[in-house]
Amino acid sequence: MTFDDPDLVGFAAERRRGLGLTGLDAVPPDGLHITIRGVGDTTAVPDEHVDALVSSARERLSDVKPFDLTIGPLAGSRSAIRFSVAPWDPLLDVHRVLSACSGEVSPDPAARDVPGSPSRFRPHLGIAYNNTDRAAAAVIAAVAAQRTPERISVRVDTVELVVLRREGRCYRWDTRAAIALGG
């Protein structure tokens, strides 16, 4: 799920600026996203598999209604700065649907076992990644100073299948398919 809502972009930038930490790679304004599920390495997943996955996802996601997410509060760890997101239930529903779609169309059981099993899925929206080795305590302290009761709401009405790549120190993608929730 990708986000370009100007209020969310500003909210993320404001919290990131206030951290006062060096050694962070900021998620660019057009890079805000929630990863729902991986499909596989682009060199190993045949186009027929992707086309079938998109077709199945379009059909199944037509039953999933658009929903609102609350973004915030800020959280941090030794590897990243991120926003908590809530509620999880609609995200878990989308995750389950996409996992079922992938399981249906993949002829290789190993290809179905990609990171993102429901038991390991922890929805969040990253805004920066640590590019230096540091103790989690320093990140947690900086985040605590920026942790306010303020939250922002965003509407989720589309799920995108993207071809993900690294450019420098950030993730970039090309959208392969955008699937509207609720048909």
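The model shown is predicted, which means the values in this text are computed figures rather than measured ones. Atoms considered below: every heavy atom in the structure, side chains included; atoms not considered: hydrogens, waters and symmetry mates.
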Q) Any salt bridge (Lys or Arg N to Asp or Glu O under 4.0 Å) pairs touching residues 6-15, not counting sequence neighbours? A) Arg15-Glu150

Q: Kindly write out the residues that satisfy side-chain contact (heavy atoms from CB on, under 4.5 Å) with Val27, not counting sequence neighbours, or none if the list is empty.
A: Leu32, Tyr129

Q) Considering residues at least two apart in sequence or located in another chain, which fulfil the side chain to side chain donor-acceptor pair (under 3.5 Å) criterion with Arg16? A) none

Q) In chain order, what residues pass the side chain to side chain donor-acceptor pair (under 3.5 Å) check against Ser55, with sequence neighbours excluded? A) none

Q | Closest heavy-atom pair and its distance - Ala75, Ser84 | A | CB-OG, 4.4 Å

Q) Minimum heavy-atom separation for Leu53 to Leu98, with atom names? A) CD1-O, 4.4 Å

Q) Got a sec, which residues hit side chain to side chain donor-acceptor pair (under 3.5 Å) with Arg147, two or more places apart in sequence or on another chain? A) none

**Q.** Where Phe121 and Ile36 come nearest, the two heavy atoms and their spacing
**A.** CE1-O, 3.6 Å

Q: Name all residues meeting the side chain to side chain donor-acceptor pair (under 3.5 Å) criterion together with Asp133; count only those two or more places apart in sequence or in a different chain, and write none if there are none.
A: Arg78

Q.
Can you list everything that forms a ring-ring contact (aromatic ring centres under 6.0 Å, His included) with Trp88? Sequence neighbours excluded, please.
A. none

Q: Determine which pairs satisfy ring-ring contact (aromatic ring centres under 6.0 Å, His included) with at least one residue from residues 6-37, sequence neighbours left out, and list them in order.
A: Phe11-Phe83, His33-Trp173

Q) Is the CG atom of Asp5 crowded by more than 12 outside heavy atoms at less than 6.0 Å? A) yes

Q: Could you tell me which residues satisfy side-chain contact (heavy atoms from CB on, under 4.5 Å) with Thr70, sequence neighbours excluded, listed by chain and number?
A: Arg151

Q. Taking NZ, NE, NH1 and NH2 as the nitrogens, is one of them in Asp51 or Arg176 under 4.0 Å from a carboxylate oxygen of the other?
A. yes

**Q.** ILVMFWY cluster, Leu92 and Ile71 together (side-chain gap under 4.5 Å)
**A.** yes

Q) Nearest heavy-atom pair of Leu21 and Ala138: which atoms, and what distance? A) CD2-O, 4.3 Å

Q) Between the side chain of Thr35 and the main-chain N/O of Arg37, is any donor-acceptor distance below 3.5 Å? A) no

Q: Assess the side chains of Asn130 and Thr132: does a donor N or O sit below 3.5 Å from an acceptor N or O?
A: no

Q.
List the residues meeting side-chain contact (heavy atoms from CB on, under 4.5 Å) with Asp157, not counting sequence neighbours, and say none if there are none.
A. Pro66

Q: Can you tell me which residue pairs pass the ring-ring contact (aromatic ring centres under 6.0 Å, His included) test with a partner in residues 135-169, sequence neighbours excluded?
A: none

Q.
Please enumerate all residues that pass side-chain contact (heavy atoms from CB on, under 4.5 Å) together with Asp68, with sequence neighbours excluded.
A. Ser153, Arg155

Q) Counting only heavy atoms not in Tyr171, do more than 12 sit closer than 6.0 Å to its OH atom? A) no

(Q) Ignoring hydrogens, what is the shortest heavy-atom contact between Pro28 and Arg172? Give both atom names and the distance. (A) CG-NH1, 3.4 Å

Q) Looking only at heavy atoms, what is the nearest atom pair of Ala178 and Arg58, with distance? A) O-NH1, 3.2 Å

